[in-house]
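Proteins get letters first, then strands, A, B, ... in listed order; numbering begins at 1 in each.
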Amino acid sequence: MGDANSISGRDLVLRFLNKEAVSRMPAFSGMGHVTVTGLDQCGVRFAHVHGDAREMAATAATSHTLYGFDCVVVPYDLGVEAEALGAKLNTYDQAEDLLYPTLREKTVESAADIHVPEDLENAGRIPVVCEAIRLLKDELGDRAAVGTYLLGPFTLAGQIMDLNRLLKMPLREADEVARILTTLSDVIIAIARIYQRAGADYITIREMGTSADILSPRVFRTQVKPHLIRIFQEIELPAILHICGNTNAIVGDMLDCAAAAISIDQKNNLVETRQKVGPEPLILGNIDPYNVLVLGEPDGVRAAVRQSIENGASAVWPGCDIWPTAPADNMRAYAEAIKENGRNGNEQY
Amino acid sequence: MEMSNTNSPNGVAVDTSRREAILEQLKTGVIEYDTDRVVEAANESVELGLDAYEMVMQGLAAGMGVVGEYFDCGDYFVPEVLLCSEALYAGLDILRPHIELDDAKKVKGQVVIGVVQGDVHDIGKNLVKMMFEIAGFTVHDLGYDVPLKDFLEETIRTDSDIVCLSAMMTTTMMGMPKVIEMIKAKNPNVQIMIGGSPVTDELAGKFGADGYAPDATNAVADAIRMVGALREM
């Protein structure tokens with residue numbers, strides 16, 4: 001059992017995800033973690049960072065170097081897999097404000113329209129993300145855990161298909177949904193292995209399109225969950241299942257997917273969840289990334305961290321990507337509060 | 001069974017129980033997302049010369065009201081609601097050409113609606129649009145991922161009374177105060193409503209919006225009040 005000062009942030013994260021005893025809670029996340037302060041320090045524009053491995057790695061490193069997080073995470077957008085499958089990314093290069101990229105030209109209508117490139121490793125921006133992972137590994141690999149993420153199959157389907165069509169399908173075309181999600185799950189498993197070879201330490205599968213704000217728990221259980229179970233069986237990296245939104249009704253199903261941990265956001269009643277699932281499962285959450293980290297003050301951030309731990313978070317995670325305009329003081333307070341208050345963070349196991 | 005007759009606009013006597021059966025079919029067809037049932041009932045009502053406006057409001061819209069309740073209490077989810085609105089539109093397409101409004105029910109106003117730039121989630125916006133169409137507004141739909149200045153240009157071009165802005169993500173919601181400022185600077189009388197999952201009543205106030213709608217039905221009810229207030233000015 002290591003002392004917090006003697007083991008690296010990377011080891012803390014990996015031991016924690018492996019359910020080994022750790023002396024303090026790791027301060028990490030599995031989703032976008034870059035801030036405007038970090039971008040400015042590197043002289044990088046957000047609209048440009050998504051396609052440049054060096055810029056991506058340099059800015060991702062600031063999570064650790066500026067704020068002391070135990071992780072660095074790439075990429076920052078949700079379009080890498082969809083782009084590899086032929087969708088076009090819009091980075092809003094001309095927009096005045098900082099905007100996350102979105103996808104256009106959604107041409108997929110059915111499973112038959114999904115064309116998986118033979119050389120997935122070199123498709124779209126997958127090589128960019130891999131290169132960023134390698135650079136981060138070289139630069140900080142002995143100190144910070146290198147995290148990455150992919151979308152879950154249903155959410156990925158929503159990136160390559162018209163959502164109005166996809167969201168009607170579970171009730172009318174369940175067989176077609178199964179075909180689409182099978183193909184996309186294969187893609188997700190394959191990219192996870194590519195990221196693993198590049199040096200990623202852990203991976204988050206973000207299936208945010210399937211909360212009970214959108215799909216019924218029954219549809220999640222019967223049409224999405226079987227694919228998630230297969231994904232977590234086949235991914236070798238420590239993997240986290242993240243679903244934001246109203247997840248109280250499906251939290252048991254999320255745990256059935258047998259990921260190393262699950263991540264939920266501020267809409268989940270964590271106290272209720274803990275009562276329901278007991279002390280054992282690793283549950284990450286559930287700081288409101290906008291109202292607390294962007295609009296809040298450092299004291300409010302510290303209080304929110306304490307509250308999440310008190311409510312039963314195994315490690316404190318933001319409910320989504322950290323919105324880049326989060327002030328540096330809040331980010332520092334956030335990382336510090338996790339380290340201070342989470343000294344016995346996972347004593348329950 | 002009570003057998004009373006009402007006169008339809010073309011003077012044909014239709015017995016009340018038949019009329020009510022058709023209204024019920026329109027309503028339950030929407031609720032149970034049975035497009036065929038809605039189409040059949042809508043066609044029958046046209047053949048019988050029933051008041052198309054009444055069929056829309058007390059049949060289709062009443063059904064959608066129940067769908068909204070089902071959604072709020074967790075009986076229905078997005079897939080169900082999308083299929084219900086598909087059924088509703090199938091009926092609306094048949095009935096709309098037959099609506100003859102008297103002055104009391106006349107077109108209520110013009111609405112510009114869209115999802116702000118950076119956001120490609122238009123399901124909520126489409127539901128609000130549908131409710132406005134049912135209520136008799138003329139809707140100018142800008143779609144999704146709409147550059148902020150387009151809201152201003154379309155409002156001026158169409159001389160609309162109301163602008164509805166939607167955002168599904170916290171990160172894109174920040175475009176809203178900019179649009180509001182642009183439009184209010186040109187025409188302070190335009191009423192601006194905002195909605196979408198990250199939006200709250202409090203934020204609407206902070207952004208300078210005139211209204212916040214937690215759901216499609218409330219959006220339209222608020223809009224009708226807003227236009228009413230505008231016309232009295």
Next on the checklist: Looking at A:Y67, I'd like to know if its OH atom is crowded, meaning that more than 12 non-hydrogen atoms belonging to other residues, nucleotides or ligands lie closer than 6.0 Å.
Outcome noted: yes
Checklist entry - Under a 4.5 Å heavy-atom cut-off, does chain A meet the side chain of B:D122, its backbone, both or neither? => result side chain
Item to check | Heavy-atom contact with chain B under 4.5 Å, split by part of A:A249 | outcome: neither
Item to check | Which portion of A:L99 sits near chain B, non-hydrogen atoms under 4.5 angstrom | outcome: side chain
Checklist entry - Do A:K168 and B:Y33 pass the side chain to side chain contact (heavy atoms under 4.5 Å, CB included) test, and can you show the C-alpha distance, the side-chain angles, and the key distance before you say yes or no? => result CA-CA 11 Å; A:K168 285 180 205 165; B:Y33 43 95; over 6 Å; no
Item to check | Min side-chain heavy-atom separation A:Y92-B:D145 under 4.5 Å | outcome: yes
Next on the checklist: Is it the case that atom CD in B:E153 sees more than 12 heavy atoms from other parts of the structure closer than 6.0 Å?
Outcome noted: yes
Next on the checklist: Counting heavy-atom pairs under 4.5 Å with chain B, which one of A:V294, A:L163, A:N164, A:D321 comes out on top?
Outcome noted: A:N164
Checklist outcome for this item: Max heavy-atom pairs within cutoff under 4.5 Å with chain A, candidates B:I123, B:T172, B:L148, B:V120, goes to B:I123
Checklist outcome for this item: Max heavy-atom pairs within cutoff under 4.5 Å with chain A, candidates B:E86, B:E80, B:Q117, B:M174, goes to B:Q117
Checklist entry - Relative to chain B, which segment of A:R104 carries a heavy atom at a distance below 4.5 Å: side chain, backbone, both, or neither? => result neither
Item to check | Nearest heavy atoms of A:P217 and B:F77, plus distance in Å | outcome: CD-CZ, 3.5 Å
Checklist entry - A:T102 versus chain B, heavy atoms under 4.5 Å apart: side chain, backbone, both or neither? => result side chain
Next on the checklist: Return the CG to OG1 distance between A:N291 and B:T200, rounded to the nearest 0.5 Å.
Outcome noted: 7.5 Å
Checklist entry - Which heavy-atom pair separates B:V78 from A:D213 by the least distance, and what is that distance? => result CG2-O, 3.6 Å
Item to check | A:Y290 and B:M173: CA distance, side-chain angles, deciding distance, side chain to side chain contact (heavy atoms under 4.5 Å, CB included) verdict | outcome: CA-CA 11 Å; A:Y290 186 72; B:M173 180 181 75; 4.1 Å; yes
Checklist entry - Pick from A:L215, A:N246, A:L166, A:N90: which one has the most heavy-atom pairs with chain B under 4.5 Å? => result A:L215
Item to check | Leading residue by heavy atom contact count with chain B [cutoff under 4.5 Å; candidates A:L98, A:I214, A:L103, A:T325] | outcome: A:I214
